[in-house]
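Read the structure below first, then the notes.
Residue numbering restarts at 1 for every chain, and letters A, B, ... go by the order of the sequence lines.
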Amino acid sequence: DAGITQSPRHKVTETGTPVTLRCHQTENHRYMYWYRQDPGHGLRLIHYSYGVKDTDKGEVSDGYSVSRSKTEDFLLTLESATSSQTSVYFCAISRDRISYEQYFGPGTRLTVT
Amino acid sequence: GENVEQHPSTLSVQEGDSAVIKCTYSDSASNYFPWYKQELGKRPQLIIDIRSNVGEKKDQRIAVTLNKTAKHFSLHITETQPEDSAVYFCAASAGTDKLIFGTGTRLQVFP
């Protein structure tokens with residue numbers, strides 16, 4: 001597996017609380033992505049980053065924000081968690097825009113009660 | 001917007017038989033088509049990919065075919081084994097730096 005870690009791996013939180021998920025890579029890849037995975041929906045892109053401080057929205061970005069202050073770290077924040085954000089969150093990395101190949105982290109299972 | 005449809009959603013085969021999963025995409029500019037395998041509780045793993053300048057690619061028991069005119073591509077697994085049981089996702093490139101994923105196919109291989 002590529003050098004990608006996610007923390008925490010599991011989290012239970014209450015509705016209305018802020019939550020931050022961390023993705024850390026040791027591959028020095030330029031691109032980093034956050035997806036959520038829900039039954040029947042496959043993998044849906046939340047936000048992605050194409051460099052330090054450079055980010056853009058994906059197809060399901062409402063209620064989420066991201067930050068990337070270092071090449072190796074990409075943070076996903078739920079400002080005020082809702083039950084609809086209960087999901088498995090995957091981070092992925094890609095070397096550059098030409099290769100397109102994405103490699104996934106181990107995932108974070110988030111439950112919002 | 002861009003869309004990728006994947007069929008079937010579930011597929012059951014006998015060990016040793018072949019399995020075929022099909023995807024269609026909407027963006028004619030898509031030029032990269034990967035397939036991922038996800039075992040229960042694990043991360044998606046890239047198993048094979050194809051680019052638009054190639055019609056077919058093989059890697060041992062798996063192959064992918066691409067028909068750009070019809071905008072569809074398929075994953076073929078021959079001589080299936082129980083360890084092939086997993087969820088398989090197709091994807092297509094969108095713009096210059098994103099992938100759009102299909103909704104997945106759960107493949108079950110029975111001994």
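Between chain B and the options A:Gly105, A:Ala92, A:Gly58, A:Gly107, heavy-atom pairs under 4.5 Å are most frequent for A:Gly105.
For a heavy-atom cut-off of 4.5 Å, chain A lies close to B:Phe89, B:Ser93, B:Gly95 in residues 88-95 of chain B.
Nearest heavy-atom pair, A:Tyr31 versus B:Asp97, reported as atom, atom and distance to 0.1 Å: CE2-CB, 3.2 Å. Pairing each heavy atom of A:Phe90 with each of B:Arg43, the nearest pair is CE2-CA, 3.7 Å.
Within the 4.5 angstrom heavy-atom criterion, only side-chain atoms of B:Leu46, from C-beta onward, approach chain A. The contact between A:Leu43 and chain B is made by backbone and side chain atoms together, counting heavy-atom distances below 4.5 Å. Residue B:Glu2: no heavy atom, backbone or side chain, is found under 4.5 Å from chain A. At a 4.5 Å heavy-atom cutoff, B:Pro34 makes no contact with chain A through either its backbone or its side chain.
The neighbour count for A:Glu14 CD, taken as heavy atoms of other residues, nucleotides or ligands under 6.0 Å away, does not exceed 12. Within a 6.0 Å sphere centred on CZ of A:Arg109, other residues, nucleotides and ligands contribute 12 heavy atoms or fewer. Around atom CD of B:Glu83, more than 12 heavy atoms belonging to other residues, nucleotides or ligands sit under 6.0 Å away. For B:Lys68, the NZ atom is densely surrounded, since the number of other residues' heavy atoms within 6.0 Å is greater than 12. When the shell of 6.0 Å around CD of A:Glu59 is examined, it contains more than 12 heavy atoms from other residues, nucleotides or ligands.
In this structure, B:Tyr25 is a member of the same hydrophobic cluster as B:Ile50, with clusters built from ILVMFWY side-chain heavy atoms closer than 4.5 Å. A single hydrophobic cluster is seen to contain both B:Val64 and B:Leu107, as judged by linkage of ILVMFWY side chains at heavy-atom distances under 4.5 Å, directly or through other members.
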Apply the test side chain to side chain contact (heavy atoms under 4.5 Å, CB included) to residues A:Tyr48 and B:Leu99: give CA-CA distance (whole Å), side-chain angles for both, the deciding distance (0.1 Å), then the verdict. CA-CA 11 Å; A:Tyr48 69 104; B:Leu99 296 176; over 6 Å; no

Test A:Glu101 against B:Tyr32 for side chain to side chain contact (heavy atoms under 4.5 Å, CB included), laying out the working first. CA-CA 9 Å; A:Glu101 296 168 10; B:Tyr32 174 69; 3.2 Å; yes

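To the nearest 0.5 Å, atom CZ of residue A:Phe104 and atom OH of residue B:Tyr36 are 5.0 Å apart.
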